[in-house]
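Written below as structure tokens is the structure these notes are about.
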Amino acid sequence: EHPSAARHFVSRKPGSEGPPQAASKLPCRSNFSTEGAGTQQPVLRSAYGLSCLAMFGVYIFITQYLQAVLGLTPLQAGLATMPWAAAFAMGSLLAPRLARHLPRVSLVVWGLVCAAVGFAILIFLDGDGGVATLTTLIAGTVIMSLGMAPVFTIGNEMIITAAPPERRGRLVARSRP
């Protein structure tokens, strides 16, 4: 079994003294393991890993923003994120259909561009709590979700199918939370 790239870069060097750095315990293995696509698709694997971090980071901070800055109740904040969730589900269902007609790499790249536009819209949020702020937030997160959905759906499929058939089951099992 190949060591993960994350462990390779944070572990102690042969012959060195002391314990390995604490960062070697990070759960990065499924995104950076050399077991799957290996060196065949390093850009895709990096984009996939960074997209996961970005999406889940935004997910946490947007809900905090809705409640702490805009003063919404947890129920109102949940309702405000429903369009975001619906857009992600719709994009995830639409991505395989588009992949039948368009190159998969193009879908991933254009998904990242669309997500970047959504992130850029979020820059224009202010803390006044008005309807315009909430509308801007919902528009930005919907566009971001529509862009991220093909990155996750198609990107995951590309990474798994690049693995040798005898290792795909294990790779799929590790890619699930």
Side-chain angles (χ1 to χ4, degrees), residues 2 4-9 23 26-66 77-78 80-125 134-165 167-177:
H2 299 286
S4 71
R7 286 190 184 164
H8 174 74
F9 288 111
L26 292 174
C28 299
R29 188 178 168 102
S30 64
N31 288 332
F32 297 102
S33 171
T34 56
E35 177 181 338
T39 59
Q40 299 167 356
Q41 299 171 332
V43 173
L44 173 66
R45 293 167 62 86
S46 298
Y48 184 82
L50 292 173
S51 296
C52 288
L53 291 173
M55 188 70 163
F56 293 115
V58 167
Y59 206 48
I60 292 168
F61 289 118
I62 291 294
T63 55
Q64 294 297 312
Y65 178 83
L66 288 169
T81 60
M82 284 182 65
W84 177 3
F88 192 85
M90 186 174 63
S92 295
L93 294 172
L94 186 62
R97 292 178 189 256
L98 290 173
R100 291 184 203 147
H101 306 289
L102 300 169
R104 297 178 303 169
V105 173
S106 295
L107 284 173
V108 171
V109 169
W110 283 108
L112 289 170
V113 169
C114 183
V117 169
F119 281 118
I121 290 171
L122 296 178
I123 292 172
F124 297 105
L125 293 176
L134 190 56
T135 304
T136 303
L137 182 131
I138 291 172
T141 56
V142 164
I143 293 169
M144 177 192 62
S145 292
L146 286 172
M148 286 294 204
V151 173
F152 290 130
T153 307
I154 303 299
N156 200 24
E157 184 268 336
M158 289 173 70
I159 291 169
I160 290 170
T161 57
R167 294 189 180 180
R168 286 183 188 159
R170 195 166 79 187
L171 191 62
V172 169
R174 286 188 357 199
S175 70
R176 308 226 183 236

State, to 0.1 Å, how close [X] and [Y] come at their nearest heavy-atom pair, and which atoms those are.
X      : Y      : value
Ala149 : Gly91  : CB-C, 3.4 Å
Gly111 : Pro150 : CA-CG, 4.4 Å
Ile154 : Ala95  : CD1-O, 3.8 Å

**Report entry** Check: Tyr59 main-chain N/O paired with Thr63 side-chain donor or acceptor under 3.5 Å
**Finding:**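 Side chain of Thr63 to backbone of Tyr59, a donor-acceptor pair under 3.5 Å: yes, one is there.
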
Do [X] and [Y] make a side-chain contact, defined as non-hydrogen atoms from C-beta onward lying under 4.5 Å apart?
X      : Y      : answer
Met144 : Ile121 : no
Ile143 : Phe119 : no
Thr153 : Pro96  : yes

**Report entry** Leu107 side, atom CG; His101 side, atom NE2 - distance, nearest 0.5 Å
**Finding:**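 Answer for the CG-NE2 pair, Leu107 versus His101, is 10.5 Å.
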
Query - Euclidean distance, Thr141 OG1 relative to Leu146 CG, rounded to 0.5 Å - result: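 One finds 9.5 Å between CG of Leu146 and OG1 of Thr141.
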
Report task. Please report the C-alpha distance between Trp84 and Ile62 in whole Å, then the side-chain angles of each, then the deciding distance to 0.1 Å, and finally whether the side-chain contact (heavy atoms from CB on, under 4.5 Å) criterion is met. Result -> CA-CA 11 Å; Trp84 177 3; Ile62 291 294; 3.8 Å; yes

Report task. Verify side-chain contact (heavy atoms from CB on, under 4.5 Å) between Leu66 and Leu137, making sure each step is shown before the conclusion. Result -> CA-CA 9 Å; Leu66 288 169; Leu137 182 131; 3.9 Å; yes

